[in-house]
2 protein chains.
Amino acid sequence: MHIISGLAAMSLAALSLGALSGPATAQSDALSARESDPRVMGWMEGFPPPPDKLIVQPDSNYFSFPRLRWSVCHLREFLPTEEISRGLGAPVPLDYLSPADFADMRQEIDALTFTPIGSDATMTWAESLYANYTDGMLIIHEGRVVYERYFGCLDEDGKHAAMSMTKSVTGLLAEIMVVEGALDDTAQVRDIIPEIGDSAFASATVRQVMDMTTGVRYSENYSDPNADIWRYSAAASPFPKPQGYQGPDGYWEYLQQVQPDGTHGAEFHYKTINSDMLGWIISRVSGKPVTELASERLWRRMGTEQSAYQTVDGKGVPFAGGGISAGLRDLGRLGLLVLNEGVIDGERLFPAEVVQKIRAGGDPAKFGGFPTLPGGSYTSQWWVFHNDHGAFAARGVHGQTIYVDPEADMVLVRFASFPRAQNGFIDPTSLPAYQAVAEYLISN
Amino acid sequence: MHIISGLAAMSLAALSLGALSGPATAQSDALSARESDPRVMGWMEGFPPPPDKLIVQPDSNYFSFPRLRWSVCHLREFLPTEEISRGLGAPVPLDYLSPADFADMRQEIDALTFTPIGSDATMTWAESLYANYTDGMLIIHEGRVVYERYFGCLDEDGKHAAMSMTKSVTGLLAEIMVVEGALDDTAQVRDIIPEIGDSAFASATVRQVMDMTTGVRYSENYSDPNADIWRYSAAASPFPKPQGYQGPDGYWEYLQQVQPDGTHGAEFHYKTINSDMLGWIISRVSGKPVTELASERLWRRMGTEQSAYQTVDGKGVPFAGGGISAGLRDLGRLGLLVLNEGVIDGERLFPAEVVQKIRAGGDPAKFGGFPTLPGGSYTSQWWVFHNDHGAFAARGVHGQTIYVDPEADMVLVRFASFPRAQNGFIDPTSLPAYQAVAEYLISN
């Protein structure tokens, strides 16, 4: 386990967004956001840094709190990556409020109050940023940036781990291919990838993979050394396999060996292997890696400021379930593109139907296990709240989100490095805050 | 050795630019440039690629010919890296000849003839591009691009390994600090980095490190399993060290253990450890990694189109002796900046004296062992030809160059993936070709 522990820890974090257990807060003994600020901690400062400030693979468990507060901005320094190229042209600047209005708005939003889920006491928006260990917060309203702040390891030209928001990029690309007729979502996986063999995925439809309603075994019981997550992490590690290693090598070999668990189409179960299965499907159908698809369809055409990147396994396969790192504003552009049903900077990048299908959501009757998302659903790798505002979101562990609120004409992007992985711990001080700012913007 | 062989192979390539031996051509049995084109070979094509087209660490020796023809454009997919950020602004496009003039010029340059060193028969410029396994060729004359072609794995928005041209970036940054008064090149290394201890570097001056006239032991006898290059490669590997590994961990620990060999200041010896020593020195003095220095002083201010990147060791230290990958045009911008003594796009980035010192060269009497560079010298990590045109260059194994010819007001950048590492094999069909195009441009 020694040789893969670094990546395993990351994958763990990337993959785990399971049912909530324990108190809906950070551990009470965890360092606060201000205490654990990586600039306060001094991680990797000095030439060389002192040994206790060094974050290295595999010994120092680089993706555990508080080290992860530094590592979320530096994944490429630990892992091989592929670029998601923005191309060579000039970026298209986002529109902003005037500086005076922006400053006023900052004060007003910071002072907004809301009541966290399960709490009696109110909290201000500004307090919630620290409660959530926020690294970056961007709010776009009616096409203009109304709020933007950076914390911890992040600044405007840095990149941050998107974690499982990566799934929503993979899912968006797949939905574009479905709507454009390039991908048949009623086809079975075995029709597209015959060598999937007798994997439990073989008989699932593309749609079931997209919606994570497949019946596939994938256990995330971290205390069980034979849990699937450990085998997946070992397969995915880009580092040379330990001597005597007999398991699958890479994401796709793992997917060929997945066992059945339940019935395809019966229930939603959040299992990252679906996202990597989907990445394989869209790569096979398009003849392009997901990085190239994301570049061609999104990053080169959204006026982005920075190329993004995606971690790869030992065979160069990008981690379609969690590998992207990107700039805060560029994910704001992605949110705007989705909010506006495929249009950005006056150009239509894909049919409006793509977003309309995502917004419609999956079947809430098949959804469960997420107490902070009652009545929600998951479709095409996006979370749908089925609330009054028609909100939907990309979400990743440790607090990452692209939150799209059509009613408020609002996109909110947050990067964070909350000590615990599961968003169930983070939602109580996040989702009501987003609702409060949306209502403020509507009424303002 | 198994676990580090991949990186060792790369480092080998990066580090070796030793004395010429053997015939001054590619091996006679090597595949030609057209035969070994990675698109012809089909490396990494398919989802997944067939096993014989897969290039992976560590087994497939990814940096040996013909695989290196693919790998030179994909180093980040094998290794952890740090970004050299271009920032977020719009790039400043290079000036070009009009399309009609550009096409005419292409024909005329392609048809130029020259006589390779040690040959009786002439060769055309166009033929030389294939003889040299060229991946990208850019020529800028009087501030305008007059010639630009891409081959093999490279295109205009790709990045290519700069190999030891990285040293010239490190050296340029150091020379800027010297001229600006931030770095005393008469100081001894031990004055700046006390923990260099009793390494042979301790008593060398910064200038001796910059000019590679240190008396330090560093053997590159590949057939000797105890040769220093193997120990350096093992230290530098970003992958977890093999069980029982007792050697230094990272570039800087290695540098603390270097043994003496000869007298400081007596002779030039091309040894990559000097470049990494210099990287450590300028990081210590500036409080910034070389990637950040290159970004602040160069990439953010040259109007670059792409962020570059640099490979790192297991402690996040960038490989100052060979780790940069960059876009062809961006190295063209670097060449222009140097040609014009610190000015680009109308802005002065550093004092003219920086380039004047480099152009003046080192002491040719201390230089030797490079038959294709008679009367040359090496200073501040740049090669100086001491020829009629006052030419000087950044050079890297397998044919990389930024060739600056002040007399012809010409910058020429070549990326290549020649089968053999040493430029001594490549110069015979390169240097006379550069001279021919320079003379053509002067007379045109």
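Numbered from 1 within each chain, the chains take letters A, B, ... in sequence-line order.
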When only pairs under 4.5 Å are counted, which of A:Glu156, A:His74, A:Met44 shares the most heavy-atom pairs with chain B? A:Glu156

Could you tell me the separation between the CG atom of B:Leu54 and the CG atom of A:Asp249, rounded to the nearest 0.5 Å? 8.5 Å

Looking at A:Asp157 and B:Arg86, is any side-chain nitrogen of the basic one under 4.0 Å from a carboxylate oxygen of the acidic one? no

Test item: A:Pro48 and B:Glu195 side chains (from C-beta on) under 4.5 Å apart, heavy atoms: yes

Using non-hydrogen atoms only, which part of B:Glu45 is less than 4.5 Å away from chain A: side chain, backbone, both, or neither? neither

On the 0 to 90° scale, with breaks at 30° and 60°, tag the B:Trp252-A:Phe47 ring pair as parallel, tilted or perpendicular. tilted

Nearest 0.5 Å please: distance from the OH atom of B:Tyr309 over to the OG atom of A:Ser307. 12.0 Å

Output the option from A:Arg329, A:Gln306, A:Lys315 having the highest count of non-hydrogen pairs under 4.5 Å with chain B. A:Lys315

How would you list all residue pairs meeting salt bridge (Lys or Arg N to Asp or Glu O under 4.0 Å) that involve residues 73-83 of chain A, not counting sequence neighbours? A:Glu83-B:Lys159

Only heavy atoms, only distances under 4.5 angstrom. Which residues in residues 279-293 of chain A are near chain B? A:Trp280, A:Ser283, A:Arg284, A:Gly287, A:Lys288, A:Pro289

Those residues at least two apart in sequence (or on a different chain) that pass side chain to side chain contact (heavy atoms under 4.5 Å, CB included) with B:Ala326 are B:Trp299, B:Ala308, B:Ile324, B:Leu331

Which residues in residues 88-96 of chain B have any heavy atom closer than 4.5 Å to a heavy atom of chain A? B:Leu88, B:Gly89, B:Ala90, B:Pro91

